[in-house]
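First up is the structure itself, then whatever we jot down about it.
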Amino acid sequence: MDDTLDHHEDAARPRTRALATEAVHAGRDDLAALGLHAPPIDLSTTYPSADSRTEAARIDAFAADGVLDDGPPVYGRLGNPTVARFETALARLEGTEAAVAFASGMAALTAVLLVRRSAGLGHVVAVRPLYGCSDHLLDTGVLGTEVTWVDPAGIADAVRPDTGLVLVESPANPTLAEVDLRAVAHGCGTVPLLVDNTFATPVLQRPAESGARLVLHSATKFLGGHGDVLGGVVACDEEFAGQLRRMRFATGGVLHPLAGYLLLRGLATLPVRVRAASATAAELARRLAGDPRVSRVHYPRTGGAMVAFEVAGDPHAVTGGVELITPAVSLGSVDSLIQHPASISHRVVAADDRRAAGVGDRLLRLSVGLEDVDDLWADLDRALGEATPRTLAACSNHAHQGGTNPGTASSSTSPAG
Ligand SMILES: *Cc1c(COP(=O)(O)O)cnc(C)c1O
């Protein structure tokens, strides 16, 4: 944790606290002084403005730098105290000065793109694969941005005078491909690097330490962790955070205070959940890699709760055959989910682009929850059995392990027969 981040904070607090401690205490440091244990939820949409002249000056200051000085937020679109607790906590976990929360991950990405576009820096350099809707948002240019798709090594050459952002996901959705964040940050030069850290979470990877100026999360996933809240957040320096707050005020993609409360509560168990689910995911990846009905397994060096695998048989029969695991898009919940990216999460990406990015038609994406590993394996084993032609299953002893998948630290097996 970067100690220099502490200077705005309570001087009495220890200089460094471990991630597990921050997860439970960050954003709650004032509660004892308030005589509270659980964080309060402030549902106000508006706040008394008895002195209009003072409020005018506060609004002017917010319009200038995106910071609202002490006092109530004037109106719910400028800020919310419950949401601010979540933002403070997430910034602590990512090791950044600030964080700004939004209604969803897509609202967060939209705000970043609009901040850069409105500064005349509408060109984006991005590495595929990305989450399907992020890809779609960039590729359609609907926000007035223009994208150049590159390999990680091609970033420096793709940067132009009007490039406002470089965007990568690592591990990427859905293939779990990883990029070397330090090398990528170097290739960006002075252009801000945004790393979508949704899959790794700050428990496994803190991109700001590798040179990312912006760290984005779909908080809907692991941060919330229970499949019951949509949200997004960008962790960054205070200067960029001010621009994001102003854009949030202008365009309205605010996080609801109840969602802010649930996300703060989710953070408390984030390290425990991610570590437990990762251990199960690694074991499932190992078993899948040794299974002849599975032609390839992708599991990242970073670890994590996500496993992607290509089946020799019919992927639709696998998603149709699971009983314990829920066949559903999304990820990062306490319960396991499986989906077919080519049909669902990455359906909005043109088929050619999708395949070129490694999102094949037989690829399945599994989000591992907190169930028992043997129960999960039994469910997968049965669904794979239903999905696999008899002849192939019978060839199981001809399968041989070996080969690696470039770009990911995959365990991998060759297709049987
Ligand atoms: C889900 C997801 C998003 C979009 O987040 P929403 O909360 O669904 O808007 C962005 N990036 C990644 C990697 C995701 O998995």
Side-chain angles (χ1 to χ4, degrees), residues 83 86 90 94 99-114 124 126-140 142-143 147 165 167-179 181 193-202 204-205 207 212 214-235 248 251-256 259-260 262-263 266 274 277 298 300 302 304-308 328-333 337-341 344-349 354 357-359 363-368 408:
V83 171
F86 165 63
L90 194 271
E94 285 290 2
V100 184
F102 294 88
S104 67
M106 293 316 298
L109 179 57
T110 295
V112 171
L113 292 171
L114 290 177
V124 178
V127 175
R128 277 179 163 140
L130 297 177
Y131 167 61
C133 289
S134 302
D135 186 309
H136 183 68
L137 185 67
L138 291 172
D139 213 48
T140 56
V142 72
L143 296 174
V147 65
L165 194 70
L167 202 160
V168 302
E169 271 179 31
S170 187
N173 187 350
T175 61
L176 307 177
E178 291 171 283
V179 298
L181 294 182
L193 169 64
L194 182 151
V195 175
D196 186 326
N197 202 30
T198 299
F199 274 33
T201 83
L204 300 177
Q205 167 177 282
L214 305 156
V215 181
L216 183 135
H217 284 272
S218 169
T220 312
K221 315 294 170 53
F222 291 100
L223 305 189
H226 295 73
D228 56 6
V229 54
L230 277 170
V233 63
V234 180
R248 185 176 62 180
T251 57
V254 294
L255 185 72
H256 192 275
L262 287 171
L263 291 176
V274 168
H298 307 263
T302 315
M306 304 300 296
V307 182
V329 74
S330 199
L331 56 116
S333 185
L337 307 175
I338 193 166
Q339 64 110 17
H340 181 238
I344 305 188
S345 65
H346 290 68
R347 190 69 192 170
V348 292
V349 180
R354 201 165 61 215
V359 188
L363 184 78
L364 291 166
R365 191 191 74 190
L366 174 66
S367 170
V368 177
T408 64

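Ligands are counted one by one from 1 in listed order, and the atoms in each one are counted from 1 as well. Since the structure is predicted, the reported quantities are computational estimates derived from the model, not experimental observations. Throughout, numbering of the chain's residues begins at 1 and tracks the sequence.
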Go through the structure and list residues passing side-chain hydrogen bond (donor to acceptor under 3.5 Å, both in side chains) with [X], not counting sequence neighbours.
{"X": "Arg354", "answer": "none"}
{"X": "Thr220", "answer": "Ser218"}
{"X": "Ser170", "answer": "none"}

> If you count only heavy atoms, which residues are under 4.0 Å from ligand 1?
Replying inline: Ser104, Gly105, Met106, Tyr131, Glu169, Asn173, Asp196, Thr198, Phe199, Ser218, Thr220, Lys221, Gly231, Leu331
Is there a side-chain contact between [X] and [Y] (heavy atoms, below 4.5 Å)?
{"X": "Leu223", "Y": "Leu90", "value": "yes"}
{"X": "Val233", "Y": "Glu94", "value": "no"}
{"X": "Thr302", "Y": "Phe199", "value": "no"}

